[in-house]
Amino acid sequence: PQVRVELFGALGQACYYSYLTDSQTEVSAEVRDSALGWAEQFLDEDDSRTARKGADVIRKLLEHNGLEDDVVARYMEMLAKRYERASASGGDNLLRSELLSAMSRLCRQSVYKTKAEEIFHPVFTDARSDEAGSVREAAIEGLISIDRQEALALLGEGFVNESRESIRLRAIELAGEIGNGEDIQWLSTAVGGGSEGDRAWQVMLGIFRQSSSELAQKWLDRFIEADYRSRLSDEQMIDFLDIAQRRAVSAEDDSLIMRTREKLSELYAEKGEYDKAVEHVVLLREATDDEQKKTALLNQQIELNLRAGNAEAVKNLIANQLLENDLGGNDKIIQILEGYFDDAESEQAMQVLAALENIDISDYDRPEWDEHIDRWSAIWADSQTGDEQTSENSG
């Protein structure tokens, strides 16, 4: 029996190759029709391997032109009925999966694909909810071969409850090819779930890049909620915010521009990337006309530059303020500097202090600022003297 099956398979392969455009093999229509007759008998047998070979040969012979429409329809119906029979008898999953795969390929690349889609679509639709994962997977591929948008919608509907990883990954892959904003909801359920979640996140970012600022605004509101935020890394959130910011700028959506830049400055500061945080604070200052906000952002910019050790930037920012008014103990800038000098490392603090001492305000009367500079200088001078004495005593 095994030799018989192999010989029959070879006959089917020869017929298949004879119809390829660059084939050197010639097989007559009579031989092809005879092979189809044998394929019908093989398909009908109870032995799974024999039936699978019959399905494979039918598929190969129906991919090419030269058959009457009624003949094509009859053999396609045979495949569908054989699948129904296999399912009714308790289910040979391998046979059923390969039957569905044969149908799928006919929908994808047969010259009779229109007829194939008509006959096999209900078979795929029914099989997509089968208990066997391999059968569901083959059915999904069939639906994809007919209508990718319909298949993606069905995959999205069943994504959360789908137990087969390869089907979930196929859904994510298809969303990456043709997905839109409606697919973000089910894709987001995978985020935080290892490599599958990482793939889903990359697909989501791709959709956000091509979508409106309104979609970014909607999902920014969700991503900052505790449930989502706990599943997103800082890097993932930054990637999303960068895209949302670009979409907002393109759409001239001032509200979203401000929100994304505020969140980016916060995240970069939390990560210790102070220079990047400063960049976004500067953009926020430039964009607002609210004087109170401008002042608050200036204070934030000074504090971030202090953390970054940008002594010259701190000097320039404070020098500009001193051109306008004196800075006393009740000013937020002085309070920021007091806190900084209390906690900063000695070498970095000395660089900042040296920069502040070099601010030229000789043409202005700034007694409170002068008092603070003198006091900080004296404290650091005493501190250095104490460190030197401690070092000498230790020696």
Side-chain angles (χ1 to χ4, degrees), residues 156 171-290 293-294 296-310 313 317:
I172 293 169
E173 178 187 12
L174 189 59
E177 296 170 2
I178 61 171
N180 57 42
E182 294 180 1
D183 299 301
I184 294 292
Q185 180 63 55
W186 63 263
L187 283 165
S188 70
T189 64
V191 173
S195 60
E196 181 180 301
D198 291 341
R199 293 190 194 185
W201 180 249
Q202 290 304 315
V203 169
M204 290 169 67
L205 292 181
I207 292 173
F208 284 125
R209 287 188 187 97
Q210 301 171 22
S211 301
S212 66
S213 63
E214 286 81 2
L215 183 69
Q217 179 82 270
K218 170 185 174 181
W219 280 93
L220 174 56
D221 291 336
R222 296 190 183 184
F223 287 153
I224 60 179
E225 294 172 0
D227 175 56
Y228 277 112
R229 189 64 189 91
S230 65
R231 292 190 282 128
L232 290 173
S233 68
D234 288 344
E235 288 75 14
Q236 287 176 320
M237 194 64 180
I238 286 171
D239 286 342
F240 166 72
L241 288 168
D242 277 336
I243 293 170
Q245 179 183 205
R246 286 196 290 273
R247 301 309 302 157
V249 170
S250 177
E252 298 182 350
D253 186 337
D254 293 339
S255 172
L256 183 57
I257 291 171
M258 296 293 283
R259 291 189 69 197
T260 54
R261 287 173 178 171
E262 285 169 359
K263 289 295 177 184
L264 282 166
S265 66
E266 289 174 14
L267 278 173
Y268 280 126
E270 289 172 8
K271 285 168 57 64
E273 298 182 33
Y274 301 118
D275 288 334
K276 290 183 178 179
V278 167
E279 289 176 14
H280 289 88
V281 170
V282 169
L283 291 172
L284 287 167
R285 277 188 67 202
E286 292 173 348
T288 185
D289 295 323
D290 186 308
K293 285 185 179 180
K294 276 187 179 291
L297 288 165
L298 170 64
N299 294 335
Q300 187 179 351
Q301 187 177 350
I302 290 171
E303 192 164 9
L304 289 168
N305 274 300
L306 284 169
R307 293 184 193 178
N310 296 330
L317 289 168

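Owing to the predicted nature of the structure, the values given are computational and were not obtained by experimental measurement. Only heavy atoms go into these numbers, but all of them, side chains included; no hydrogens, no water, no symmetry mates.
- A side-chain donor-acceptor contact under 3.5 Å links Q217 and R259.
- The aromatic rings of F208 and F240 sit perpendicular, their planes meeting at an angle over 60°, well past the 30° parallel limit.
- Of all non-hydrogen atoms in L297 and V281, the two that sit nearest each other are O-CG1, 3.4 Å.
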- Task: Test K271 against K276 for side chain to side chain contact (heavy atoms under 4.5 Å, CB included), laying out the working first.
- Result: CA-CA 10 Å; K271 285 168 57 64; K276 290 183 178 179; over 6 Å; no

- Query: Would S188 and M204 satisfy side chain to side chain contact (heavy atoms under 4.5 Å, CB included), going step by step from the backbone distance to the final call?
  - Reply: CA-CA 8 Å; S188 70; M204 290 169 67; 3.9 Å; yes

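- Residues R229 and L232 come closest through the heavy atom pair NH1-O, 2.8 Å.
- More than 12 non-hydrogen atoms from other residues, nucleotides or ligands lie less than 6.0 angstrom from CD of E173.
- To the nearest 0.5 Å, the span separating CH2 on W201 from CD on E235 amounts to 12.0 Å.
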- For the pair D183 and I178, evaluate side chain to side chain contact (heavy atoms under 4.5 Å, CB included) and give the outcome as yes or no after the intermediate values. CA-CA 10 Å; D183 299 301; I178 61 171; over 6 Å; no

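- In E177, the CD atom is crowded: over 12 heavy atoms of neighbouring residues, nucleotides or ligands sit closer than 6.0 Å.
- Annotation: the span from L241 atom CG to L220 atom CG amounts to 6.0 Å, rounded to 0.5 Å.
- Across every non-hydrogen atom of I257 and A248, the tightest pair is CG1-CB, 3.5 Å.
- For R307 and E303, the salt-bridge test passes: some basic side-chain N is under 4.0 Å from an acidic carboxylate O.
- The 12-atom threshold is not exceeded at NZ of K293, counting heavy atoms of other residues, nucleotides or ligands nearer than 6.0 Å.
- The environment of R261 atom CZ is dense: over 12 non-hydrogen atoms of other residues, nucleotides or ligands sit within 6.0 angstrom.
- Salt bridge annotation for R231-D227: present, with a cationic side-chain nitrogen under 4.0 angstrom from a carboxylate oxygen.
- Between the N299 side chain and the A296 main chain, no donor and acceptor come within less than 3.5 Å of each other.
- Between A175 and L187, the shortest heavy-atom contact is CB-CD1, 4.1 Å.
- Here the side chain of R222 pairs no donor or acceptor atom with the backbone of Y228 at under 3.5 angstrom.
- Considering every non-hydrogen atom in both A244 and L256, the closest pair reads O-CD2, 3.9 Å.
- Atom CG of L267 sits about 5.5 Å away from atom CG of D234, to the nearest 0.5 Å.
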- Could you walk me through whether Q300 and R285 pass the side chain to side chain contact (heavy atoms under 4.5 Å, CB included) test, one step at a time? CA-CA 10 Å; Q300 187 179 351; R285 277 188 67 202; over 6 Å; no

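- Contact detail for A308 and Y274: the closest heavy-atom pair is CB-CB, 3.6 Å.
- Of the listed residues (D253, L284, L283), just one forms a side-chain contact (heavy atoms from CB on, under 4.5 Å) with M258, and that residue is L284.
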